[in-house]
Undergrad: 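I'd like to ask you about the structure that follows.
Start at 1 and go down the list; that is how both ligands and their atoms are numbered.
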Amino acid sequence: MEGVDHLAFERNKAQFDVDEMKIVWAGSREDFELSDRISRLVASDPVFRKDDRAALGRKELFKNTLRKAAHAWKRVIELRLSGEFSALEPEAYKLRAFVDQPAFTDLHWGMFVPAIQGQGTDEQQQKWLPLAYRMQIIGCYAQTELGHGSNVQGLETTATFDPKTDEFVIHSPTLTSSKWWPGGLGKVSTHAVVYARLIIDGQDYGVHGFIVQLRSLDDHLPLPGITIGDIGMKFGNAAYNTMDNGVLTFDHVRIPRNQMLMRVSQVTREGKYVHSNVPRQLVYGTMVYVRQKIVADASVALSRAVCIATRYSAVRRQFGSHNGGLETQVIDYKTQQSRLFPLLASAYAFRFVGEWLLWLYTDVTERLKAKDFSTLPEAHACTAGLKSLTTTATADGIEECRKLCGGHGYLCSSGLPELFAVYVPACTYEGDNIVLLLQVARHLVKTVSQLSTGNKPVGTTAYMARLEQLLQYHSDVKKAEDWLKPNVVLEAFEARAARMCVACAQNLSKFSNPEEGFQELAADLVEAAVAHCQLIVVSNVYALSLLHKHLGDFISTGCIDPKQGSLANEQLRNLYSQVRPNAVALVDAYNYTDHYLGSILGRYDGNVYPKLYEEAWKDPLNDSIVPDGFKEYIQPLLKQQLRNARL
Ligand SMILES: CCCCCCCCCCCCCCCC(=O)SCCNC(=O)CCNC(=O)[C@H](O)C(C)(C)COP(=O)(O)OP(=O)(O)OC[C@H]1O[C@@H](n2cnc3c(N)ncnc32)[C@H](O)[C@@H]1OP(=O)(O)O
Ligand SMILES: Cc1cc2nc3c(=O)[nH]c(=O)nc-3n(C[C@H](O)[C@H](O)[C@H](O)COP(=O)(O)OP(=O)(O)OC[C@H]3O[C@@H](n4cnc5c(N)ncnc54)[C@H](O)[C@@H]3O)c2cc1C
C-alpha cells in the first residue's frame with residue numbers, strides 16, 4: 001500500500017534517538033543538513049533519474065553520463081553551491097556523490113587537479129588551475145600502461161628533453177607502453193597528467209609527471225601524434241561503463257619544457273636536472289590523496305548495501321508459521337544476524353576511521369607545506385593499508401548483502417548487482433590491494449628492525465614500543481562480559497599484530513638477501529599487515545566479529561586460549577541480540593533517499609512486493625507479449641515438434 005510505513009513496527013523498537021544518530025553519521029549538524037538538502041535536490045531532478053540505467057546500451061549510457069555531468073556542473077554554478085567555481089567544495093562533492101554515476105569529472109577533480117596542486121610549482125598552478133577549475137580544460141590522470149600498473153617505476157613512456165627547442169618529446173616506444181585505463185581519457189579529456197620516464201642526454205631520471213594536451217579545444221579531435229580510444233566494456237552492465245577508461249599512444253609529441261610538473265624536481269633551460277629539497281615520493285602524492293578519499297567512500301558503499309539488506313531482512317519472512325500466523329522475519333535468524341550485523345558495525349567503524357584518516361591526511365599536508373616530511377611514511381602506510389582493508393571488506397560485504405537478500409538480491413532492481421559491479425574495481429584501482437598491503441608490511445618490518453636502534457615508533461605503530469609487554473601478554477578474559485571492555489579487546493589486537501610482525505621480522509632475518517626473504521614470506525607479511533590495519537579500526541561488535549573470524553591468529557600467537565575464543569563468540573551472540581531491535585533504526589540513520597539507494601528491496605517504506613511486481617513489467621522485454629524473434633526461432637521449433645509428434 002502506498003503511503004504506509006511497513007517498517008514502522010521495526011522503527012518503534014529502536015532504543016536510541018535516530019535523529020541524533022543521523023548527526024553522528026553525517027559528522028555534524030551542518031553536514032547533516034547539507035547532505036539532506038542536496039540528496040533531496042538530486043532525487044527530485046528528473047535529469048538525475050537512474051532507475052532506467054541498467055537497460056541502456058553503452059552509447060546511450062555514456063551520453064546520459066555526459067548529460068548528467070553537464071547538468072550537475074550547471075547546478076553547481078546556478079546554486080552557487082561552492083561559493084566559487086570549484087567542485088572540490090563539500091557541497092559540489094556531495095552533489096557528485098548523490099548523482100551516483102561515475103564520470104570523467106571524478107578524475108578531473110579527483111586526480112588531475114590534485115596532481116597539479118601537489119606537484120606543480122606556484123607558477124604552473126597559477127597557469128593551469130584556473131582553467132581546470134572553470135572546466136575550460138578537462139583533465140585525466142594517465143599513469144598506468146598496458147604492461148605496467150602496480151610497478152610505477154617500470155613505466156615505459158618516455159619524455160626526452162630536446163635542448164634545441166626547449167621541449168620534451170613524449171613517446172610510446174612499445175605496445176606495452178600504451179597508456180591503458182585512465183578514466184575520462186577515452187572520449188572526453190582535453191588534457192592529461194602523463195607519467196613518463198624523463199630522459200636527458202641519454203640518461204634516464206625515472207618517472208615524472210607532465211601536462212600534455214590531447215585534444216583540440218575547438219573540434220575535440222586528437223592532436224597530431226596522438227591516438228586515443230576507449231578500452232571497451234567492463235564488468236557489469238551500467239556500473240563503471242559510464243566511464244570512458246581509455247588507451248593512448250604518443251608518436252613523438254612535443255610539449256614545452258615548462259609542462260613538466262616541477263615542484264619535486266626541475267629541468268633547467270640548459271638541460272640540467274635539479275632535485276628540490278623534498279622527498280621524491282611526493283611524485284606519488286596524488287595517490288595518497290585519492291586513497292584517503294577511497295577509504296572515506298568505503299563506508300558509504302557498504303552502508304548502502306547494509307541498509308538494503310537490513311530493511312529487506314525485516315520485511316522478508318520464511319518458515320516458522322504456527323496456526324496460520326505470520327512466518328519468521330529472516331532478520332530474526334541467528335545466522336542472518338551473524339552475517340549482517342558485523343557488516344552493519346563495519347560500515348560504522350569505516351565511517352569513523354575515514355574521519356580519522358582525513359585528519360591524518362590534513363595534518364601531513366600541513367606539515368609538508370612547512371617542509372616537515374617526517375610523517376609521510378606513516379601517512380603512506382595508513383592510506384595504503386586502510387584503502388586495502390576497507391575496499392576488500394566493502395566489496396565482500398556488498399556481495400554478502402546480495403546473498404542475504406536471497407533470489408531477489410540478484411535482480412538489478414535490488415540495486416545490489418550494480419553496486420557491487422561499480423564498487424569492486426576499488427580493490428584494484430589506486431593500487432592493487434595486495435601490493436598495497438606489502439607496502440604496509442615493509443613499513444612494519446622497518447619499524448620492528450629500528451626498535452633495537454632505539455628509534456621510538458610513532459603514530460599507529462606506537463604500540464610496538466611496548467613490544468616486550470606485548471610478547472608476554474596473555475588475555476585474562478574469564479567471562480563473556482570481559483570482552484566488552486575496550487582495553488581488553490585492544491590489547492588482544494595489539495598483541496596479535498605485534499607478534500605476527502615480529503615473527504615475520506625474525507623469519508626475514510634468516511635470509512641473507514632481504515629482498516629474496518620478502519618475496520618468499522610475502523603471504524605471511526600480508527597477514528601481518530592485515531592484523532595491523534584491523535587494529536587501527538577496532539571497535540566493539542566489529543572487533544569481536546573479527547576476533548571470531550581470525551580466531552586462528554589469536555590462538556596460534558598465544559594471545560588468547562580456545563576457551564576465551566568461545567567466550568568472545570558468546571558475547572558476540574549477546575551483542576547481536578542487542579543490535580536486533582535497533583537494526584532498522586541504525587540504517588535509517590544513514591538518511592539515504594530512495595533515489596540514492598536505488599533499490600526496491602531497501603525502500604524506506606518496506607513496500608517491497610507490490611513494487612517488485614510493478615517493476616518487472618517495466619522491463620523492455622515486456623514491451624510486447626510475444627517476443628521479437630518468435631516467428632524466426634520459436635515457431636519453427638514448435639511446428640517441427642508438432643510434425644514429429646504426428647509421425
Ligand atoms: C567532485 C569530485 C569527485 C572526486 C572523487 C575523488 C575520488 C576519485 C575516484 C577515483 C576513481 C578511481 C581512479 C583510479 C585511478 C588510478 O588507479 S591511478 C593509478 C594508481 N596506481 C597505483 O596506485 C599504482 C600502485 N603502485 C604504487 O603505488 C607504487 O609503485 C608502489 C607499489 C608503492 C611501489 O613503489 P616503488 O617506488 O616502486 O617502490 P618502493 O621501493 O616500494 O617504494 C619506494 C619508497 O617510496 C615510498 N612510497 C611508495 N609509495 C608512496 C606514496 N604513495 N607516498 C609516500 N611514499 C611512498 C615507500 O614507502 C618507499 O619508501 P622507503 O622505504 O624507501 O623509505
Ligand atoms: C576501473 C579502473 C579505473 C582505473 N583508472 C585509472 C586511472 O584513472 N589512471 C591510471 O593511471 N590508472 C587507472 N587504473 C589502473 C589501476 O591503477 C591499475 O590497474 C592498478 O594499479 C593495478 O595494477 P595492474 O593492473 O598493473 O595489476 P597487476 O600489478 O598486474 O596485478 C595482477 C596481479 O599481480 C599481483 N601482483 C602484482 N605485483 C605484485 C607484487 N609485487 N607482489 C605480489 N603480487 C603482485 C596483484 O596482487 C594481482 O593479483 C584503473 C583501473 C581500473 C580497474
Undergrad: So, 4.0 Å and heavy atoms of A92: is ligand 1 close enough to count as a contact?
TA: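 No, A92 has no heavy atoms under 4.0 Å from ligand 1.
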
Undergrad: What I'd like to find out is whether the side chain of L155 reaches to under 4.5 Å of the side chain of V152, using heavy atoms alone.
TA: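 They are in contact (side-chain heavy atoms under 4.5 Å apart), so the answer is yes.
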
Undergrad: Should you measure from each heavy atom of W109, which atoms of ligand 1 turn up under 4.0 Å away?
TA: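 Heavy-atom distances to W109 below 4.0 Å select 2 (C).
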
Undergrad: Is E366 salt-bridged to K369, going by a charged N under 4.0 Å from an acidic O?
TA: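 Counted as a salt bridge, because a side-chain N and a carboxylate O are separated by less than 4.0 Å.
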
Undergrad: Give me the residue, atom name and distance of the protein heavy atom closest to atom 9 (N) of ligand 2.
TA: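 The closest heavy atom on the protein side is Y141 O, 2.8 Å.
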
Undergrad: Knowing that exactly one of F210, Y195, F112 qualifies, which makes a ring pair (Phe, Tyr, Trp, His ring centres under 6.0 Å) with Y141?
TA: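 In the set F210, Y195, F112, the residue that makes a ring pair (Phe, Tyr, Trp, His ring centres under 6.0 Å) with Y141 is Y195.
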
Undergrad: With heavy-atom distances below 4.0 Å as the criterion, list the atoms of ligand 1 near Y141.
TA: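 This gives 18 (S) as the contact atoms.
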
Undergrad: Please work out, at 4.0 Å between heavy atoms, whether the side chain, the backbone, both, or neither of Q292 comes within that distance of ligand 1.
TA: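 Answer for Q292: neither.
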
Undergrad: Have a look at Y93, Y429, Y195 and point out the one with the heavy atom closest to atom 6 (C) of ligand 1.
TA: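 Heavy atom nearest to atom 6 (C) of ligand 1 belongs to Y93.
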
Undergrad: Show the atoms of ligand 1 that are less than 4.0 angstrom away from any heavy atom in V152.
TA: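 Every atom of ligand 1 under 4.0 Å from some heavy atom of V152: 24 (C), 26 (N), 27 (C), 29 (C), 30 (O).
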
Undergrad: If you count the atoms of ligand 2 from 1 in the order shown, which ones are under 4.0 Å from a heavy atom of N245?
TA: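 Contacts of ligand 2 toward N245, numbered from 1: 3 (C), 4 (C), 5 (N).
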
Undergrad: Could you name the option among Q281, M111, M243 that has the heavy atom nearest to atom 47 (C) of ligand 1?
TA: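 Residue with the shortest heavy-atom distance to the ligand atom: Q281.
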
Undergrad: Does any N/O atom on Y240 come nearer than 3.5 Å to any N/O atom on ligand 1?
TA: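 For ligand 1, there is no N or O atom that lies under 3.5 Å from one belonging to Y240.
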
Undergrad: Between E418 and R53 (salt bridge meaning N to carboxylate O under 4.0 Å), is one present in this structure?
TA: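 Judged by the 4.0 Å cut-off on N to carboxylate O distance, E418 and R53 do form a salt bridge.
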
Undergrad: Is the closest basic N to carboxylate O distance between D100 and R304 below 4.0 Å?
TA: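 Result for this pair is yes, salt bridge flagged.
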
Undergrad: Nearest to atom 54 (N) of ligand 1 by heavy atom, N245, V288, V207: which?
TA: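 Minimum heavy-atom distance to atom 54 (N) of ligand 1 goes to V288.
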
Undergrad: Could you check which of G431, S150, A381 puts a non-hydrogen atom nearest to atom 27 (C) of ligand 1?
TA: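 Considering heavy atoms of G431, S150, A381, the nearest to atom 27 (C) of ligand 1 sits in S150.
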
Undergrad: With atoms numbered from 1 as shown, which atoms in ligand 1 lie under 4.0 angstrom from a non-hydrogen atom of G149?
TA: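 Listed by number with element: 24 (C).
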
Undergrad: Check W181 against ligand 1 and report side chain, backbone, both or neither, counting heavy atoms closer than 4.0 Å.
TA: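 The answer is neither.
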
Undergrad: Kindly confirm or rule out an N or O of K293 lying under 3.5 angstrom from an N or O of ligand 1.
TA: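 N/O-N/O distance under 3.5 Å: no.
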
Undergrad: May I ask which of K446, H443, Q153, R280 has a heavy atom nearer to atom 62 (P) of ligand 1 than the others do?
TA: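 The nearest heavy atom belongs to K446.
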
Undergrad: Counting heavy atoms only, which of Q439, E430, K94 comes nearest to atom 42 (O) of ligand 1?
TA: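 Ranked by closest heavy atom to atom 42 (O) of ligand 1, first place is Q439.
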
Undergrad: Side chain, backbone, both or neither: which part of Y289 comes within less than 4.0 Å of ligand 1 when only heavy atoms are counted?
TA: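 Within the 4.0 Å criterion, Y289 makes no contact with ligand 1.
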
Undergrad: Any nitrogen or oxygen of L107 lying under 3.5 Å from a nitrogen or oxygen in ligand 2? Just yes or no.
TA: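 Not met; the criterion fails.
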
Undergrad: Among all protein heavy atoms, pick the one closest to atom 29 (O) of ligand 2 and tell me residue, atom and distance.
TA: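 Protein heavy atom with the smallest distance to atom 29 (O) of ligand 2: S150 OG, 2.5 Å.
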
Undergrad: Quiz question for you: does at least one protein heavy atom lie closer than 4.0 Å to atom 25 (O) of ligand 2?
TA: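 False for atom 25 (O) of ligand 2.
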
Undergrad: Tell me whether A522 reaches ligand 2 (any heavy atom closer than 4.0 angstrom to a ligand atom).
TA: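 In this structure, A522 fails to qualify as a contact of ligand 2 - no heavy atom is under 4.0 Å.
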
Undergrad: Please report whether ligand 2 has a polar contact with G183, defined as an N or O pair separated by less than 3.5 Å (distance criterion only).
TA: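 Looking only at distances, the answer is yes, because the N/O contact criterion of under 3.5 Å is met.
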
Undergrad: Answer yes or no for atom 32 (C) of ligand 2: protein heavy atom present at a distance under 4.0 Å?
TA: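 No, no protein heavy atom sits under 4.0 Å from atom 32 (C) of ligand 2.
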
Undergrad: Go through it in stages, so that I can follow the logic: the residues are K293 and D297, the test is salt bridge (Lys or Arg N to Asp or Glu O under 4.0 Å), and I'd like the CA-CA distance, side-chain angles, deciding distance and then a yes or no.
TA: CA-CA 6 Å; K293 284 264 176 231; D297 280 350; over 6 Å; no

Undergrad: So for ligand 1, is D106 a polar contact partner (N or O within less than 3.5 Å, distance only)?
TA: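 D106 vs ligand 1: no N/O contact under 3.5 Å.
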
